[in-house]
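I have placed the structure first, in the form of structure tokens, so that the comments after it can refer back to it.
The residues of the chain are indexed from 1 along the displayed sequence.
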Amino acid sequence: MTTAPVFAVVGHPNKGKSSVVATLSQNDAIAIALEPGTTRARQDYPLTVDGQKLYTLVDTPGFQRPRRVLQWLEAHSISASDHPETVRAFVLQHRGDERFVDECELLAPIVEGAGIIYVVDGSVPYSAEHEAEMTILRWTGRPSLALINSIGEDDYSDTWQSALGQFFQVVRKFDAVRAPFEQHLSLLRAFGQLEPDWEEPLERATRFLSEQRHQRRHQSAGLIAIALEDLMSYQEKRTLTLNQVAETSDTSLAETLRDRWYRHQRKREQTLRIDIEHLYQHQRIRRQEAELQWHSQHDLFSEDTRKHWAVSKRYLATAGFGAGAVGGAGIDAMTLGSSLGTGALVGGLIGAAGSYFYGDRLLLPALNIGPLKDGLKTASFGPVQDSQFGYVVLGRAVDHWWHISHRNHAGRDLLELEPADHHWLEQLDKTSRREIQRAFDRCRKQRPLTHQQRENLTTAIEQAMSAYDDWRLNRA
């Protein structure tokens, strides 16, 4: 059985090594700090998919005394043929030596057989002091790749490229915080070309990661579909005894139910977001929403949110026509076609008219207080009666999914979800529009979706995610 490759991520202190490890191992628990010396001992981070270890990244301390180390190596080497053994001898002889603790920690995995990922900051000028580090790494004789990870705004990557090319087999620019997923795969393929034994496992790793990304997208659409069903059909209900009726005014009751309904809906949206973040192995995101107040600009129920995420009246009319026509087609089928399609036409027109006339405002659920019966009184708030609410939830959910699926695990900035300034759902195909609208109509009537209807909604949401992806990446 082929052993999963191991890569030691090495370099100068505080040049982005831990960021590279966090992104390539999909682990946002790795500490990333601006202060040198955050990583003092080697730490292994395996990337595992479906129980299979694809590869392991080893985070290491930075070089502290590379020139002293190189002096020792040169003094104990007879010819180039003994360079790898001389490096091994250095590690064995100096373990426990306080002067070379960091060098021993970063060289140990390499002499044990790890490949080398050498990380430099392309935003600072190249200097000859790095040549001692690069020479030591070349002496190990291990397959090597250099990454130019620019931390600041300046760009000296051309100079770095020229210098690194003399020491390493492959040199790539790689922004650990922003590099798209395709660059991760490209990096693994490049490593596979350096060492014959790694080609097959790394090809398998790129295949697994691609499949995982596809599965996560489908699972996210399924989570959004279930959340939409919950949010659209949710009803807050309370039954009062005679004593409670006497102590509670209708105004107070309405306020209580309304507040509970709003709180539930916001919490359900937050649960959806956390579920999707965990699906992509983001466990520690600092979220903007934690600082929001109710009814603030970005709140689920704010007027600003409705304006940005609700669809146009024209979109609603066409989607409503499609969904209504499907319902009317059922009548045509029951009459064995004798209605000559009239059912579908009438159903479509009713659906379109209802959607069009209520498309410019959000109709929140009304309070219903039933009559006193058998000594009990029932009051309810919900479900929401406006399908625009579903489009608001859908838009916010797809936007959040997009940011999470494109976020690298080295990212530590606050997650900010800016509303879209263009309605990307206009790019959605008619079939998907119809399935979404049809699901919304059923949910607001508290009619549960069948398994097939939920599958259709999930497929339509995946299409919506593709439309959003195309719009964000200017592919539409």
Could you walk me through whether Tyr391 and Gln437 satisfy the side chain to side chain donor-acceptor pair (under 3.5 Å) test, starting with their C-alpha distance in whole Å, then the side-chain angles of each, then the deciding distance to 0.1 Å, before giving a yes or no? CA-CA 9 Å; Tyr391 289 104; Gln437 183 63 44; 2.8 Å; yes

Working for side chain to side chain donor-acceptor pair (under 3.5 Å), residues Asp155 and Ser157: CA-CA 6 Å; Asp155 185 11; Ser157 53; 2.6 Å; yes

Are [X] and [Y] close enough for a salt bridge, meaning some N to O gap below 4.0 Å?
X	Y	result
Arg472	Asp399	yes
Asp413	Arg407	yes
Arg204	Glu200	yes

Could you tell me whether the side chain of [Y] reaches within less than 4.5 Å of the side chain of [X], counting heavy atoms only?
X	Y	result
Leu187	Ile117	no
Trp261	Gln235	no
Val384	Met232	yes
Lys17	Thr60	yes
Val6	Val58	yes
Ile224	Ile276	yes
His184	Leu188	no
Val120	Tyr156	no

To the nearest 0.5 angstrom, please state how far the CG atom of Asn149 sits from the NZ atom of Lys15.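 With rounding to 0.5 Å, CG (Asn149) is 10.5 Å from NZ (Lys15).
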
[X] to [Y] - nearest heavy-atom pair and separation:
X	Y	result
Pro383	Gln446	CG-CG, 3.6 Å
Glu435	Ala460	CB-CB, 4.1 Å
His282	Ile285	CB-CD1, 3.6 Å

Taking only residues two or more places apart in sequence or in another chain, which ones pass side-chain contact (heavy atoms from CB on, under 4.5 Å) with Arg258?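 Applying side-chain contact (heavy atoms from CB on, under 4.5 Å) to Arg258 gives Ala254, Glu255, Tyr262, Phe381.
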
Test side-chain contact (heavy atoms from CB on, under 4.5 Å) applied to Arg260 - qualifying residues, sequence neighbours left out: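 Expected list: Glu236, Arg238, Thr256, Arg263.
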
Polar side-chain atom of Gln463 near backbone of Ser432 as donor-acceptor pair, under 3.5 Å: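 Absent.
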
Please check if the side chain of Ser186 supplies one atom and the backbone of Glu182 the other of a donor-acceptor pair under 3.5 Å.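 No.
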
Option passing side chain to side chain contact (heavy atoms under 4.5 Å, CB included) with Leu54 (candidates Leu202, Thr48, Thr206, Leu209):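 Running side chain to side chain contact (heavy atoms under 4.5 Å, CB included) over Leu202, Thr48, Thr206, Leu209 with Leu54 returns exactly one hit, Leu209.
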
Is it the case that atom CD in Gln453 sees more than 12 heavy atoms from other parts of the structure closer than 6.0 Å?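 Yes, because the 6.0 Å sphere around CD of Gln453 holds more than 12 heavy atoms from other groups.
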
Assert yes or no for the condition that the ring centre distance of [X] to [Y] is strictly below 6.0 Å.
X	Y	result
Phe181	His406	no
Phe191	Tyr55	no
Phe440	Phe389	no

Any side-chain donor near an acceptor of the partner, Gln219 and Tyr280, under 3.5 Å: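 No - no donor-acceptor pair under 3.5 Å links their side chains.
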
Testing the 3.5 Å rule here: is there a donor-acceptor pair between the side chains of His400 and Glu277?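 Distance-only check passes for His400 and Glu277.
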
Decide yes or no on salt bridge (charged side-chain N to carboxylate O under 4.0 Å, His left out) for Arg306 and Glu303, but give the supporting numbers first. CA-CA 5 Å; Arg306 186 196 71 78; Glu303 178 60 13; 3.0 Å; yes

Think Arg268 forms a cation-pi with Tyr234, using NZ or CZ under 6.0 Å from the six-ring centre and within 45 degrees of its axis?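 No cation-pi geometry.
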
Please work out whether the ring planes of Trp160 and Tyr126 are parallel, tilted or perpendicular, with thresholds of 30° and 60°.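 Judged by the thresholds at 30° and 60°, the geometry between Trp160 and Tyr126 is perpendicular.
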
Might you work through the salt bridge (charged side-chain N to carboxylate O under 4.0 Å, His left out) test for Asp175 and Lys173, ending with a clear yes or no? CA-CA 7 Å; Asp175 185 334; Lys173 290 183 182 179; over 6 Å; no

Residue pairs involving residues 19-29 (criterion salt bridge (charged side-chain N to carboxylate O under 4.0 Å, His left out); sequence neighbours excluded):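 Listed once each, the pairs are Asp28-Arg284.
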
